[in-house]
Structures are given as C-alpha cells and as structure tokens.
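Take a look at the structure set out below.
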Amino acid sequence: YSSFVLGSRVVFAESRAELRPDPRFDAINVVSLAVEDDGDNTVEVCVLIRGNNDKSQGRRNLDGVIGCSVDVFPEERDLLNHLIDALCSIDPDILVGWEIQLGSLGFLAERAAYLGIGLLKRISRTLPHESKHPPKNLAHESSQVPEASPADDVIMDVSENDWSHTHASGVHVGGRIVLNLWRLMRGEVKLNNYSLEAVADEVLRRKVPLVPNKTLNRWFATGPGRGRHRCIEYVSSRAMLNLEIINQLDLVNRTSELARVFGIDFFSVLSRGSQFRVESMLLRLAHTQNYLAISPGNQQVASQPAMECMPLVMEPESAFYSDPVLVLDFQSLYPSMIIAYNLCYSTCLGKVFPSKSSVLGVSSYSADPHTIADLKNQLILTPNGVLYVQPEVRKGVVPRLLEEILSTRIMVKQAMKKLAPSQKVLQKILNARQLALKLIANVTYGYTAAGFSGRMPCAELADSIVQCGRRTLETAISFVNQHPLWNARVVYGDTDSMFVLLKGRSREEAFRIGKEIASLVTASNPDPVTLKFEKVYHPCFLLTKKRYVGYSYENPEQNEPIFDAKGIETVRRDTCPAVAKMLERSLRIMFEEQDLVKVKSYVERQWTRILSGKVSIQDFIFAKEVRLGTYSARASSLPPAAIVATKAMLSDPRAEPRYAERVPYVVIHGEPGARLVDMVINPYGLLEVGSPYRLNELYYITKQIIPALQRVFGLLGVNLNKWFNEMPRPTRSTLAKRQSALGHGSRDSSSIRLGWNKKPSAKVARIDTYYMSSHCTICGDTVQGSEIFCSHCLKNEAVVATVVAGRTSKLEREIQHLAAVCGHCGGADWI
DNA sequence: TTTTGTGCCTAG
DNA sequence: TCAGCTAGGCACAAAA
C-alpha cells in the first residue's frame with residue numbers, strides 16, 4: 001500500500017473528418033499520463049507526442065507551462081515503446097481511464113497491436129503464461145522476440161467478451177487493477193449522462209470544456225507553438241480530471257474499506273455482485289460453527305418451489321393532504337426479522353403442510369416427527385407455515401451474522417461520534433465502514449431469494465422473511481388505526497413503512513404523536529425490531545403506489561421544509577428536464593401558496609415560452625440507457641434512444657454506445673401520424689446550421705408535460721388539457737420579421753417537416769437568426785448595436801483567436817465549439 | 001377502443 | 001464461468 005500509485009491516461013489520436021478515431025487507421029498523436037503517488041499525494045504529468053525530430057523545440061515551447069515532462073517521438077512505435085517503459089518503471093497498482101474500451105488504454109492496446117506491439121502483455125506485472133497453445137512458428141524462429149507476435153494480445157485482451165465487456169471493461173493487465181471510470185460513476189452519482197464533463201460538473205463543481213477530436217486535430221496540426229500546446233494542455237487536463245474525481249469521491253479508500261469489511265479483494269468489490277460479498281462473510285462465520293454450505297446445481301436452483309409471499313404495498317388513498325402526514329418505517333426490517341425469529345438455513349424444520357414432501361428449498365429435508373414432538377415448546381411458526389427452532393435450541397448462522405453486523409455498525413457509529421472534528425480521515429473511513437455494514441445487512445435477504453443465479457437460495461426461508469415482515473407491518477398498521485386517542489389513519493404503506501394521516505392536528509401535535517407511535521410499536525415487537533419516526537409531510541400528495549411528494553419536516557424546530565419526492569417525474573431520468581422542472585415548480589407553488597390560480601399562471605407562462613421557442617434545448621433532451629443486442633426481436637422497433645444510437649453507428653461504427661450508456665435524443669416534427677421512433681434525432685442535429693428539424697413543442701407539452709402535471713393536479717379536479725387549449729397562443733411575429741428582413745423568410749419551408757402541428761405556419765428557428773439578436777452569441781448577455789459577441793467574450797483570447805482563424809462560412813459551425821472554450825460563460829453549455 | 005408486451009426506471 | 005430480490009408506474013406500439 002505504501003507504494004501505491006495511480007496512473008491515468010488520455011489518448012488523442014488522429015481521426016478522419018467527423019469520425020471517431022479508429023486504431024486501424026488513425027495514429028496516436030498525444031498520450032498523457034497523470035501519475036499520483038499515494039505516499040505524498042503528488043501528481044506528475046508525462047506527455048508523449050508524435051512529432052518531428054526537433055525535440056528541443058518541443059521542449060522549449062512546453063516546458064514549465066503546465067509543470068509536466070514532454071517527450072517527442074518521430075515514430076509512433078517509439079512513442080509506444082517509451083510509454084511501455086515509462087509504465088513499467090512507474091509501476092502503478094491501478095490504471096484508470098475515463099473510457100477504457102474504445103478510448104484510453106483500450107485504444108492504445110488496439111493501436112499497439114496493429115503496429116505489432118503487445119502493449120498489455122508488456123505492462124503486465126505477471127510473467128508471461130506458459131501458453132497452452134504456443135504459436136507454432138515460435139519453435140522454428142527462436143530469434144523472435146516475444147512482442148513480435150502480438151496478435152493474441154488483441155484477441156485475448158481486447159476481445160468482445162459479453163460479461164466483462166458489459167460489466168467491467170474487457171481490458172485486463174496482469175497484476176494491475178484497471179478501472180473504467182465512467183462505468184464506476186454510474187454507481188456513484190445519479191446523472192442524465194456520464195460524460196466526463198457532466199461528472200466533473202457534478203462531483204468537482206467545475207465546468208470543463210469538451211473539444212471535439214476534429215478541433216484537437218486542427219490545433220495539433222499547427223505544429224510546435226500555441227495551437228499544439230493547447231491541444232496537449234487539454235489532453236493533460238483530462239487525465240488529471242480522472243484523478244481529481246477519484247480523489248474527490250474518495251473512491252480508493254472507500255473501496256478498500258468495503259474490501260476489508262467483506263473480506264474480499266479490492267477489484268472484486270467493484271466487479272463482483274452482492275452474492276460474493278454475502279458468501280464471503282457468511283461462509284467465514286459458518287465454518288467457525290462447523291457448517292458447510294451446500295452447492296446446488298443450476299437445475300436444482302431452477303426447480304426449487306416457487307416463492308409465494310409478497311411484501312405489503314397498500315393502495316394509497318390518492319389525494320392532496322393539507323393535514324400533517326407522519327412517515328414511520330421499520331429500521332432494517334428484514335435483518336430484524338431474521339434475528340428476531342431466528343430464521344436461517346440451519347434452523348429451518350420445513351413446512352408444516354408441505355405440498356411436496358421432503359422438499360426444502362433446493363434440497364430435500366424432512367424433520368423427524370419425534371424430534372418435532374420433543375421440541376414442541378421451543379419452535380417458531382412463521383406466517384407462511386414454516387417451522388424454525390428457537391435460538392435456545394440452536395442459534396442460526398444468518399441471524400448470528402446479522403446480529404454481529406448490526407451491533408458492529410452501532411459500535412462504529414458511536415466511535416465516529418467520539419472523534420475530534422480534526423480527524424477527518426478516520427471519520428471518512430469509519431463512515432465508509434458503517435455504510436458497508438448497512439449494505440451487507442440489506443442484501444442478505446436477497447441472497448436467500450436469489451432465483452436466477454443463486455448459489456444457495458431457499459424459497460421457504462425467503463418467504464418466511466417476507467411474510468414475517470408483512471405481518472409486522474400489518475399489525476402495526478391496525479394498531480395505529482385502532483388506537484382510541486390518536487384519531488389517526490394509515491393512508492399508505494410499502495413493505496416497511498407507514499404513512500399516518502392526522503386530520504386536523506398541528507405539526508407540533510403530529511411530532512408528539514409520531515414519537516408515541518414509534519415507541520409503542522417498537523415496544524410491542526421482539527428485539528431488535530424498531531419502528532422509526534422519520535418525518536412529517538405537511539402538506540403532501542399521495543399519487544399511486546411508490547409515487548408521492550411532500551414538504552417534509554424532520555423535527556419540530558425545523559422551519560424550512562424540504563421538497564421530498566419519490567417515484568415521480570422530478571426524480572426520474574426517463575423524462576426530460578423540462579417536465580421535471582415544471583412539475584417541481586408547480587408543486588412548490590401549490591405547497592407554498594395552496595392556490596391553483598398561481599399554478600395555472602405559472603404553467604401558462606411556461607407553455608408560452610415553449611411555443612415561442614424561447615427555451616433551452618437542453619431542457620428537452622431525453623437520455624436513456626441503451627443495451628444494444630438485448631432487444632426483443634418480436635418488438636416492432638427499437639426504443640428511441642437505440643434508434644438514435646444505431647443511426648450514428650451507420651456513419652461511424654466507433655460511435656457504438658457502450659453497454660448501458662445513456663444516449664441522448666430530442667423529439668422533432670415528423671410526418672403526420674408518424675411514430676415517435678420516426679421523430680427522434682441526436683440533439684446536435686437540431687443545432688446544425690440549416691437544420692431542417694424543429695423541436696416538436698406539441699409532443700413535449702401534450703405527451704410529456706400535461707400528463708405528468710395532470711396526475712398530480714387532477715387530484716384537485718383540474719383539467720390541464722383544458723387549461724392548455726384555452727390558453728392564448730403566442731405568435732412568432734418577432735422572429736418572423738427578423739427572418740424576412742434577412743431574406744430568409746421561407747427558403748427552407750419546403751423542407752420543414754410537420755407532425756402534430758397541422759398548420760404549416762411556423763418558421764424555421766435557426767442559429768443564424770440569432771446573429772440579429774441583441775444578445776451575445778456565446779453567453780447570451782446583452783450586446784451593443786450589431787456586435788455578435790459581448791465584451792466579456794471578446795476579451796477571451798481563445799474565443800477571438802478561433803473566430804478570426806476560421807473563415808466566415810465556417811464560423812457558424814465553430815460556434816458550437818466556441819461555447820465550450822469560452823471562459824466567461826462557463827463553457828460546456830449549449831448556445 | 002381495449003388489451004398485451006416491451007422497455008425503462010424507481011421504491012423498498 | 002461470471003449475475004441479490006419483487007412490486008409497480010408509465011410510454012409506446014401492435015394485436016385483439
């Protein structure tokens with residue numbers, strides 16, 4: 001651990017026109033390594049450039065600029081060989097890349113293999129394997145050096161392997177951990193897309209530019225000097241970003257802590273599933289008690305009895321509640337059930353009335369009747385008709401494991417409280433540890449119920465856990481409903497939670513009653529079952545099962561409520577931001593003002609903006625995960641996001657989305673009666689100059705925004721469609737005048753595609769119309785006279801340089817890229 | 001027009 | 001080879 005080093009690399013390669021780099025055609029121009037030494041937390045950057053022989057010139061222009069070492073190689077092979085040497089001497093434990101398969105290390109390996117260099121093998125820490133199938137020619141050509149036969153490097157190391165391809169990266173280096181950072185980020189932060197820019201914004205709170213490969217090429221081609229320097233600086237900054245993100249999230253320490261708690265190795269924490277973690281802990285404990293686990297085959301697992309029990313999910317009384325609603329839930333309900341009722345593989349005596357005799361889970365067992373008779377006062381009967389022995393007879397392994405996990409977690413939490421505020425590192429470690437314990441406690445039930453891939457599931461045991469939980473919740477609900485003093489009613493509950501309506505009570509009273517309920521229900525249940533009083537909603541909407549939203553208060557002193565939504569569009573990623581924003585805003589207005597007139601004027605204002613095109617396209621971009629190759633052949637067509645991805649692949653095979661990558665799309669006007677899948681395009685398609693496409697405002701309003709709002713405000717008797725139909729329609733007069741003044745009036749009208757919008761009256765809103773705007777093309781600030789850019793952006797050298805360099809006809813396209821480089825307006829935004 | 005199946009994402 | 005669970009809502013398109 002002491003010599004721990006992170007290596008991070010970004011590759012920039014040549015590419016042809018708009019295409020992404022392809023190792024079969026495009027040479028590597030720049031490789032940048034950011035190396036962090038865990039001992040002193042220093043970061044060093046090494047840059048390798050392909051260029052002319054004049055090394056001194058390269059150095060002179062680059063030295064000291066970003067504090068990195070730069071080496072220039074005329075030949076690509078030399079560059080790669082030097083890279084391999086550098087990696088071997090740095091000898092990092094972990095190699096990180098943003099996208100390991102098509103970019104970064106994967107690209108390097110593929111390109112190296114193309115040039116006859118076995119890169120992955122040569123940076124491996126393990127000795128070359130005694131190959132099972134040695135190349136036949138090797139015996140005859142003994143002079144051949146190992147790296148001269150790199151073909152298997154590609155086939156074995158960068159091959160298309162379903163599992164490692166979709167879940168890790170498929171790129172392996174012996175003795176080193178290879179991290180595919182974007183995929184790890186999916187589990188760390190919830191985002192609409194997992195580009196480096198989006199993650200840097202979320203994690204580091206920093207806007208970073210996205211410069212297309214094509215632009216990098218142009219910069220690089222200017223040779224030693226400013227342009228090439230900018231290219232190198234950009235590539236290096238991307239490499240360092242990887243390290244910064246990892247450090248900000250404390251990824252390495254947290255993963256190490258998980259590895260320590262579960263007793264598994266570092267990479268398995270990231271690459272293996274929950275079963276592996278549960279087993280690691282369970283088997284270790286089981287062995288100390290002289291138990292061995294059974295190993296049923298796939299057939300056995302598949303043929304175990306079906307599970308019959310379901311958690312309780314109440315149908316909520318859908319309504320707007322202006323009275324306080326309490327939210328209480330059982331803490332770690334399933335682990336509590338396992339402990340309280342001694343539920344375990346090792347304590348189960350089977351069903352009282354078995355449908356098939358002597359079957360228990362994946363195996364067979366029938367309890368001896370005499371034994372059962374002897375134990376008759378020491379048995380536990382679960383609500384699904386399964387017998388278990390009491391802990392006095394035999395303490396189960398799973399209950400013991402969970403008891404230890406839960407009590408350790410309490411100890412860790414207490415230890416955290418005793419820490420001085422200065423002990424931040426220890427604080428983080430202990431916090432990671434208690435989270436790991438919580439995590440493992442909650443998936444232990446899943447282990448017993450793992451049907452598809454389970455290594456040791458047990459249907460009866462899983463059913464007992466669920467049904468005990470269900471009975472506990474049902475008992476609590478009727479207890480609350482029947483209590484004579486509270487006048488309370490449970491209006492919703494899901495698995496382990498209760499929503500209690502207190503009609504006509506104040507929030508203060510609600511907090512008092514909430515505490516009472518929690519302590520009485522806890523007292524009426526066996527240890528360690530605990531009902532926790534979580535919060536008071538005041539007011540709230542209950543919509544359907546698993547969908548509700550309210551203003552929440554966690555203690556009586558709290559004055560500012562928290563907007564708390566579950567399951568609705570504001571927290572979902574399968575709608576566009578416009579829907580989420582409008583829904584949240586109107587809910588807040590409703591909660592704060594309790595006045596539908598104000599809600600109505602808000603949504604009408606927004607609809608007007610949308611219809612007049614005064615909106616940011618960003619708010620209308622959908623982004624959904626795409627898993628090409630998994631779609632049903634029976635279905636009529638692919639989902640919209642998959643359509644967009646497939647289209648992109650037609651012109652550039654390297655644009656294929658990674659498995660489960662989120663692919664963005666917008667909905668545009670189409671032929672009347674067109675299906676949705678015929679009206680989706682990549683968002684960039686809308687921004688191109690002369691684009692015939694137009695955002696389908698009516699689709700967004702009538703198919704996305706209105707239904708979402710209707711589900712909420714319909715509960716108050718509102719008809720959103722009526723609101724929309726009776727709303728005065730905005731005219732696009734300002735825009736139309738401007739266009740006709742430019743002589744652009746109807747040039748493209750024949751190519752306008754029309755869909756929902758039956759009247760072909762709308763004009764094309766194109767980027768060049770904004771040239772007549774009184775706003776800066778880049779940042780939107782007001783400008784003087786006929787200026788295109790505001791004074792701030794004009795002061796930005798990078799912007800001006802690129803504008804002046806480009807010919808006027810190119811200007812329009814460049815503007816998309818300019819927004820990314822502008823230091824004033826923060827960069828990555830759309831225009 | 002209603003029902004059914006697929007896909008996606010979330011709650012717990 | 002490798003893979004915790006179920007319930008549930010909703011959009012969409014095709015079949016009934």
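Small disclaimer: the values here were computed from a predicted structure and weren't measured.
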N/O-N/O pairs, protein side and nucleotides 6-8 of chain B side, under 3.5 Å:
from  : atom 1 : to       : atom 2 : distance (Å)
B/dT6 : OP1    : A/Arg634 : NH2    : 2.5
B/dG7 : OP1    : A/Ser632 : N      : 2.7
B/dC8 : OP1    : A/Glu625 : O      : 3.2
B/dC8 : OP1    : A/Tyr631 : OH     : 2.6

Set of ring-ring contact (aromatic ring centres under 6.0 Å, His included) partners for A/Tyr345, sequence neighbours left out: none

Stacked cation flag A/Arg627 on A/Tyr659, 6.0 angstrom / 45 deg: yes

Using a 4.0 Å heavy-atom cut-off, does A/Val278 contact any base of the nucleic acid, only the sugar-phosphate backbone, or nothing at all? nothing

Nearest whole Å is fine: how far is B/dG12 C1' from A/Tyr445 OH? 11 Å

Is A/Glu460 salt-bridged to A/Lys351, going by a charged N under 4.0 Å from an acidic O? no

Using whole Å, report how far NZ of A/Lys566 lies from C1' of B/dG12. 10 Å

Salt bridge or not between A/Glu569 and A/Arg547? Use side-chain N to carboxylate O under 4.0 Å. yes

Roughly how many Å is it from CG in A/Asn192 to C1' in B/dT10, rounded to a whole number? 14 Å

A cation-pi test, strictly: NZ or CZ of A/Arg585 under 6.0 Å from the centre of the six-membered ring of A/Phe563 and no more than 45 degrees from its axis. Yes or no? no

Closest-nucleotide mapping onto DNA chain C: is A/Asn442 or A/Glu315 further toward the 5' terminus? I mean the 5' end. A/Asn442

Is the closest basic N to carboxylate O distance between A/Lys581 and A/Asp619 below 4.0 Å? yes

For the residue pair A/Leu406 and A/Pro335, what are the closest heavy atoms and their distance? CD1-CB, 4.4 Å

Value in whole Å for how far the C1' atom of B/dA11 lies from CZ of A/Arg547: 11 Å

Counting just side-chain N and O atoms, does A/Arg277 come under 4.0 Å of either OP1 or OP2 of C/dG4? no

OP1 or OP2 of B/dG12 sitting under 4.0 Å from any side-chain N/O of A/Tyr548? yes

Rounded to the nearest angstrom, tell me the gap between atom CD1 in A/Ile705 and atom P in C/dC10. 17 Å

Would one find a side-chain N or O of A/Arg455 under 4.0 angstrom from OP1 or OP2 of C/dC2? no

Look at A/Lys545 and B/dT10 and indicate whether a side-chain polar atom (N or O) is within less than 4.0 Å of OP1 or OP2. no

Under 4.0 Å between a side-chain nitrogen and a carboxylate oxygen: does that hold for A/Glu188 and A/Arg254? yes

For atom C1', what is the distance between B/dG12 and C/dG4, given to the nearest Å? 14 Å

Between B/dA11 (C1') and A/Leu473 (CG): distance, integer Å: 14 Å

Contact nearer the 5' end of DNA chain C, comparing A/Val443 with A/Met310: A/Val443

Please give, in whole Å, the distance from C/dC5 P to A/Leu439 CG? 15 Å

In whole Å, what is the span from the CD atom of A/Gln467 to the P atom of C/dT6? 16 Å

Contact under 4.0 Å: A/Arg711 side-chain N or O vs C/dA11 OP1/OP2: yes

Identify whether any heavy atom of A/Val466 sits under 4.0 Å from a base atom; if not, whether one sits that close to sugar-phosphate; answer base, sugar-phosphate or nothing. nothing

How would you label the contact of A/Pro457 with the nucleic acid (heavy atoms, under 4.0 Å): base, sugar-phosphate, or nothing? nothing

